[in-house]
There are 2 protein chains.
Amino acid sequence: MQDVSSQIILAAKPEPGPPAQSHAGLLFLREEEFRVAQDALFFALRDLTVAPDAILAELNMGRAHHRCLHWISRKPELKVGELLEILAITKQSLARVLGPLIDEGYVLQVKGQKDRRQRLLTLTEKGAALERKLFEAQRERLAAAYREAGGQAVDGFRRVLRGMTKDQGRRYLDEVETGRTGKAGKPAQ
Amino acid sequence: MQDVSSQIILAAKPEPGPPAQSHAGLLFLREEEFRVAQDALFFALRDLTVAPDAILAELNMGRAHHRCLHWISRKPELKVGELLEILAITKQSLARVLGPLIDEGYVLQVKGQKDRRQRLLTLTEKGAALERKLFEAQRERLAAAYREAGGQAVDGFRRVLRGMTKDQGRRYLDEVETGRTGKAGKPAQ
DNA sequence: CCTATATGACAGTAGTACTGACTTAAAGGC
DNA sequence: GCCTTTAAGTCAGTACTACTGTCATATAGG
């Protein structure tokens, strides 16, 4: 990965005066790259969650509820087991948030027709409305970032995030992405 | 907006521009862009935190401890007030993690020489060693992502994250970035 | 001297997550 | 029809992170 390093150095400084070239300095800059990524991820996530958190707090909910609503919205008729895989939490942790969401009418649960042990999850109208409200609360910030950075940057953004994701997550990313651009309907359940 | 929609489908729209309301399908595709960003952010963060979490768990610590160590490492002689600003949590929440870190010798606290009300935070050798261990645990995943995506993608990645960040965070990002490339005032140990 | 600031500390609450054990219902193999 | 596995639900107990509100101490600055 030799020529990538120079790109990385250039990426660090859009207007590089003297882009530190010594070998010792190179290693240092590579590490600094990762540190800056940590910084930026932290700030972006911190600021992105402020708006939805405020809405959720009024409903006595937290981010875990948002994550459930998000993924059920993304993959209607999601199996409980799939949701557990995606969230990578325990059944008990999920139950604490999913139970109330069902009880309060945000999520509908129906038995699978093929495998009747399964409980397929779908948002109710009420759930879809809340999910949309939460999405809209983040949308502006996301849109501003995309507008500011430009389309090429957005592409890079997604490619780096994908690179950080393990295989299991990548399969979901691929499924969701191809599911929409292709047949524009429900992705394979 | 003319044939931008096809570019959006390719996820490589070079010129996002203002929201185009003329085509119903266009709005949907723009929304899908943001949804995919949410998905990717979720997975990347989920997978990025697995390795440090395992190390922290053995020390009876959590992510909040990691964040403290990270930022004190980034800005040695950090004031408590600055750390509170960065983390955007309450003093009480910080005390619960910072107190033990000081008690157990990970963080050193010294009175400010100019303003003796301040307590400047610096990592001890023990703290720097733990911070490094946590960093190295994430490094491989970050490095793989950067290598896979390429330098240009990394630049876009950072620009989008920066775009999501509010002014306060941007000031810190700028400070840390220029502080290292320029004057090299306090390079990471 | 007085007020504002920087920090620290206490009490109580809530959200998210964990482990471990147990139950029910249905699928699938034999 | 047994029997094992799988999908899902449930209970008890614990820990981490965060919140609000209140109060205390030391120091800076006018």
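Chain naming here is simple, since letters A, B, ... match the order of the sequence lines and numbering starts at 1 in each. Small disclaimer: the values here were computed from a predicted structure and weren't measured.
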Quiz item: With Arg35(A), which of Glu31(A), Glu32(A), Glu33(A) fulfils side chain to side chain donor-acceptor pair (under 3.5 Å)?
Solution: Glu31(A)
Quiz item: Leu83(A) has an atom CG; how far is it from atom C1' of dT16(C), in whole Å?
Solution: 15 Å
Self-check item: Nearest-nucleotide 5' precedence on DNA chain C, Ala64(A) against Arg119(A)
Solution: Ala64(A)
Exercise. Please determine if a side-chain N or O atom of His65(A) lies less than 4.0 Å away from the OP1 or OP2 oxygen of dT16(C).
Key: yes
Exercise. Rounded off to whole Å, could you give me the CG-to-C1' distance for the Leu120(B) and dG8(C) pair?
Key: 16 Å
Exercise. Could you please name the option among dT27(D), dT10(D), dT19(C) that lies closest to any side-chain atom of Lys91(A)?
Key: dT10(D)
Quiz item: Hey, which of these two, Asp115(A) or Ala95(A), hits DNA chain D nearer its 5' end, going by closest nucleotide?
Solution: Asp115(A)
Self-check item: N/O (side chain, Gln109(B)) to phosphate O (OP1/OP2, dG8(C)) under 4.0 Å
Solution: yes
Quiz item: If you find the nucleotide of DNA chain C closest to Leu84(B) and the one closest to Met61(A), which residue's nucleotide is nearer the 5' end?
Solution: Leu84(B)
Quiz item: Taking the side chain of Gln92(A) as its heavy atoms from C-beta onward, which of dC11(D), dA26(C), dT7(C) lies nearest to it?
Solution: dC11(D)
Quiz prompt | Aromatic ring pairing Tyr146(B)/Phe157(B), orientation class (parallel under 30°, perpendicular over 60°, tilted between) | solution = perpendicular
Self-check item: Nucleotide nearest Arg96(B) (side chain, heavy atoms from C-beta), chosen from dT17(D), dA18(D), dT27(D)
Solution: dT17(D)
Exercise. Mind calculating the distance between CG (Leu56(B)) and C1' (dA15(D)) to the nearest angstrom?
Key: 14 Å
Self-check item: d(CG, Leu98(B); P, dT17(D)) in whole Å
Solution: 13 Å
Exercise. Mark yes when over 12 heavy atoms from residues, nucleotides or ligands other than Lys126(A) sit less than 6.0 Å from its NZ; otherwise mark no.
Key: yes
Quiz item: CG of Leu101(B) versus C1' of dT17(D): gap in Å, rounded?
Solution: 14 Å
Quiz item: Hey, does Ala88(B) reach any base, or is it just sugar-phosphate, or nothing, if we go heavy atoms under 4.0 Å?
Solution: sugar-phosphate
Quiz item: Between atom CG in Asp53(A) and atom P in dT17(D), what is the gap in whole Å?
Solution: 17 Å
Exercise. Please tell me which of the listed nucleotides, dT16(C), dA6(C), dA18(D), lies nearest to the side chain of Arg63(A)?
Key: dT16(C)
Quiz item: At under 4.0 Å, does any side-chain N or O of Lys111(A) touch on OP1 or OP2 of dA26(C)?
Solution: yes
Quiz item: Looking only at side chains, do Asp53(B) and His66(B) share a donor and an acceptor under 3.5 Å apart?
Solution: no
Quiz item: Can you check the Leu94(A) CG to dA17(C) C1' distance for me, whole Å?
Solution: 12 Å
Practice problem: Kindly say if Arg67(A) contacts the phosphate of dA17(C), meaning a side-chain N or O under 4.0 Å from OP1 or OP2. | Solution: yes
Exercise. Report yes if a side-chain nitrogen or oxygen of Thr90(B) is closer than 4.0 Å to either non-bridging phosphate oxygen (OP1 or OP2) of dA18(D); otherwise report no.
Key: no
Practice problem: For Asn60(A) and dT16(C), give me the distance from atom CG to atom P, rounded to whole Å. | Solution: 11 Å
Quiz prompt | Parallel, tilted or perpendicular, as decided by the 30° and 60° cut-offs, for the rings of Tyr172(A) and Phe43(B) | solution = parallel
Quiz item: What distance do Leu120(B) atom CG and Lys75(B) atom NZ have between them, rounded to the nearest 0.5 Å?
Solution: 12.0 Å
Practice problem: Just compare dA18(D), dA8(D), dA6(C) and give me whichever is closest to any side-chain atom of Lys79(A). | Solution: dA8(D)
Quiz item: Between dA18(D), dA26(C), dT20(D), which one does the side chain of Arg117(A) approach most closely?
Solution: dA26(C)
Practice problem: Just compare dA26(C), dA8(D), dA17(C) and give me whichever is closest to any side-chain atom of Ser93(A). | Solution: dA17(C)
